[in-house]
J.: 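Here it is, the structure in full.
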Amino acid sequence: MKIVVGDRNVLPHREQFEAGLPVGTEVVWCVPFDESRVVEELADADVYVGGKFSAAMGAAAPRLRMVHVAGAGTDNVDRSGLGRDVQVCNTFHHEQSIAEYVVSATVMLRRQFLQQDRALRSGVFATSVYDPRIAQPLSLSGARIGFVGFGHIGRRTWQLFRTYGAVGAAVTGSGHAPDEGLEWHSTTDDLGKLADFADVLVVSAPLNEHTRGMIGADELGRLGTDGVLVNVGRGPLVQEQPLFDALSRKRIAAAAIDVWYRYPGPDGLGEPSSLPFRDLDNVLMTPHSSGVTHHTFVGRVGDIASNIDALAASIRR
């Protein structure tokens with residue numbers, strides 16, 4: 001069996017990964033990702049591990065049995081070049097790390113720590129203690145958290161928020177949510193109602209034809225001038241121009257954006273949006289890193305190796 005790996009996040013766990021594979025497995029590491037080299041190696045490959053899979057890669061891989069994403073989202077896998085018997089697999093283990101990000105980002109933005117840091121570097125103590133124009137910030141106790149999507153990430157994030165005394169509600173595609181102590185839950189038809197309810201709107205829904213652009217000017221307006229948006233799902237779940245307008249015109253208080261509208265090549269250089277979010281003082285910008293921790297990838301590498309082992313066993317049978 002031949003495996004091609006094109007995801008650099010797996011490389012730090014190479015020893016664990018290769019130790020979990022069937023005896024005699026050949027592993028080719030195409031890290032950093034180079035599609036032309038990957039295409040060459042896929043000619044006789046059985047498994048590809050990586051987040052991006054193009055139609056050209058599929059056309060070059062007649063023996064392929066599995067495409068395994070080293071994460072949850074499979075929206076960057078072009079299935080048009082894949083045979084019907086090719087399995088497309090994903091893995092999770094990121095919910096704890098992302099939950100920590102969401103809660104810490106929410107505290108940072110609601111307490112205005114970004115602005116305080118910048119001001120103090122200029123010698124200004126930007127707090128209500130010294131400036132009566134600055135309102136005393138709010139804690140998480142009693143904060144209303146609205147979840148757009150309530151899967152692995154939403155549930156774990158809510159467990160953390162609950163320990164601070166927050167209250168929560170959620171909308172999902174099906175309208176169902178586990179009994180986790182939410183005040184209410186509904187379908188995404190009630191997204192506007194959720195925006196009215198929330199002090200903090202946490203976006204972690206999957207990106208598909210039904211969810212793309214689901215949050216626009218109306219929902220952001222209903223979130224209100226004290227509202228905070230945290231997007232850890234996919235950038236295009238939130239409409240780009242309305243989000244920039246809401247932030248720049250202070251129609252919402254702040255946002256933490258971890259998922260973007262543009263992504264760089266392998267060198268990691270590039271603008272995340274066509275709009276100048278970088279110029280705004282009420283945005284925490286992070287490079288899709290909320291789930292990228294050692295903890296996350298130890299779990300993911302274990303899952304990937306286990307699934308490849310199961311594939312090999314099925315082939316032997």
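Quick caveat, the model's predicted, so the values are computed rather than measured.
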J.: Would you say the ring centers of His94 and His152 fall short of 6.0 Å from each other?
T.: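 His94 vs His152: aromatic centres not under 6.0 Å.
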J.: Taking Trp260's backbone N and O only, do any of them form a donor-acceptor pair with Tyr263's side chain (distance below 3.5 Å, no angle check)?
T.: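 Such a contact is found between Tyr263 side chain and Trp260 backbone.
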J.: Which atoms form the tightest heavy-atom contact between Asp309 and Gly20, and what is the distance?
T.: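 Of all heavy-atom pairs spanning Asp309 and Gly20, the closest is CB-O, 4.3 Å.
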J.: So how far is it from Leu311 CG to His68 NE2, rounded to the nearest 0.5 Å?
T.: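 Between Leu311 CG and His68 NE2, I get 10.0 Å after rounding to 0.5 Å.
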J.: For the side chain of Arg121 and the backbone of Gln116, is there at least one donor-acceptor N/O pair under 3.5 Å apart?
T.: no
J.: Looking at Cys30, is its backbone amide N or carbonyl O close enough to the side chain of Glu41 to form a donor-acceptor pair, meaning the two atoms are under 3.5 Å apart?
T.: no
J.: Out of curiosity, Asp245 CG to Glu240 CD, how far, rounded to the nearest 0.5 Å?
T.: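 Answer rounded to 0.5 Å: 10.5 Å.
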J.: Please indicate whether Phe92 has more than 12 foreign heavy atoms, meaning atoms of other residues, nucleotides or ligands, lying under 6.0 Å from its CZ.
T.: yes
J.: A side-chain contact here means heavy atoms from C-beta on lying under 4.5 Å apart; do Tyr48 and Ile3 qualify?
T.: no
J.: Run the side chain to side chain donor-acceptor pair (under 3.5 Å) test on Glu18 and Trp29 for me, step by step, so that the C-alpha distance in whole Å, both residues' side-chain angles and the decisive distance to 0.1 Å come before the verdict.
T.: CA-CA 11 Å; Glu18 294 185 347; Trp29 295 85; 2.9 Å; yes
J.: Please check if any side-chain donor atom of Asn90 sits under 3.5 Å from a side-chain acceptor atom of Thr74, or the reverse.
T.: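 No, no side-chain donor-acceptor contact under 3.5 Å.
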J.: Can you see which heavy atom on Ala72 is nearest to which on Arg300, and at what distance?
T.: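 The pair with the smallest heavy-atom distance is N-NH2, 4.2 Å.
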J.: Can you see which heavy atom on Val67 is nearest to which on Leu64, and at what distance?
T.: CG2-CD2, 3.6 Å
J.: Which pair of non-hydrogen atoms, one from Val69 and one from Gly73, has the smallest distance, and what is that distance?
T.: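 Closest approach of Val69 to Gly73, heavy atoms only: CG1-O, 3.3 Å.
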J.: For the atom pair CD (Gln159) and CD (Glu95), what is the distance rounded to the nearest 0.5 Å?
T.: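 Spacing of CD (Gln159) from CD (Glu95) equals 9.5 Å.
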J.: What I'd like to find out is whether the side chain of Val232 reaches to under 4.5 Å of the side chain of Tyr101, using heavy atoms alone.
T.: yes
J.: Please find the pair of heavy atoms, one from Met57 and one from Val39, that lie closest to each other, and give the distance.
T.: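 Nearest pair, atom of Met57 first, then Val39: CG-CG2, 4.0 Å.
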J.: Nearest 0.5 Å, what's the CG-CD distance between Asp218 and Gln239?
T.: 10.0 Å
J.: Where the side chain of Arg251 meets the backbone of Leu220, is there a donor-acceptor pair that is under 3.5 Å apart?
T.: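 Answer holds: no.
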J.: Does any N or O in the side chain of Ser122 come within less than 3.5 Å of the main-chain N or O of Val124, such that one atom is a donor and the other an acceptor?
T.: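 No.
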J.: For the pair Ser54 and Asp78, evaluate side chain to side chain donor-acceptor pair (under 3.5 Å) and give the outcome as yes or no after the intermediate values.
T.: CA-CA 5 Å; Ser54 66; Asp78 187 333; over 6 Å; no
J.: Glu183 and Arg144: salt bridge (Lys or Arg N to Asp or Glu O under 4.0 Å), yes or no, with the steps?
T.: CA-CA 10 Å; Glu183 288 209 348; Arg144 298 187 302 272; over 6 Å; no
J.: Tell me if a side-chain donor or acceptor on His185 pairs with a main-chain N or O of Gly175 at a distance below 3.5 Å.
T.: yes
J.: Quick one: closest heavy-atom pair of Asn282 and Ile252, and the distance?
T.: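 For Asn282 versus Ile252, the nearest heavy atoms are ND2-O, 4.0 Å.
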J.: Counting only N and O atoms by type, is there a donor-acceptor contact under 3.5 Å from the side chain of Thr296 to the main-chain atoms of Val292?
T.: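 Pair absent, no side-chain N/O of Thr296 close to backbone of Val292.
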J.: Do Glu40 side-chain atoms and Arg37 backbone N/O form a donor-acceptor pair below 3.5 Å?
T.: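 Such a contact is absent between Glu40 side chain and Arg37 backbone.
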J.: With rounding to the nearest 0.5 Å, note down the distance linking CE in Met214 to CG in Leu207.
T.: 10.0 Å
J.: Does CZ in Arg65 sit with more than 12 non-hydrogen atoms of other residues, nucleotides or ligands closer than 6.0 Å?
T.: no
J.: Does Asp46 pair with Lys2 as a salt bridge, N-O distance under 4.0 Å?
T.: no
J.: Would you give the length of the straight line joining atom CE of Met285 to atom CG of Leu114, rounded to the nearest 0.5 angstrom?
T.: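 Output value for this atom pair is 12.0 Å.
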J.: Of Ile304, Ile308, Leu21, which meets side chain to side chain contact (heavy atoms under 4.5 Å, CB included) against Val47?
T.: Ile308
J.: Which word best sums up how the rings of Tyr130 and Phe125 line up, parallel for under 30°, tilted for 30 to 60°, or perpendicular for over 60°?
T.: perpendicular
J.: Is the distance between the ring centroids of Phe147 and Phe150 under 6.0 Å?
T.: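 Yes.
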J.: Given 3.5 Å as the limit, does a donor-acceptor pair link the side chain of Thr211 with the main chain of Pro206, or not?
T.: yes
J.: Taking C-beta and beyond as the side chain, do Arg162 and Tyr164 meet within less than 4.5 Å on heavy atoms?
T.: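 When only atoms from C-beta onward are counted, Tyr164 and Arg162 do not touch, as no gap falls below 4.5 Å.
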J.: If you look only at pairs with a residue in residues 223-238, which of them pass as a side-chain hydrogen bond (donor to acceptor under 3.5 Å, both in side chains), with sequence neighbours excluded?
T.: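 Found Asp75-Arg234.
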J.: Could you tell me if the side chain of Val148 sits less than 4.5 Å from the side chain of Ile215, heavy atoms only?
T.: yes
J.: Is the closest basic N to carboxylate O distance between Glu271 and Arg278 below 4.0 Å?
T.: yes
J.: So, the side chain of Thr106 versus the backbone of Val102: is there a donor-acceptor pair under 3.5 Å, distance only?
T.: yes
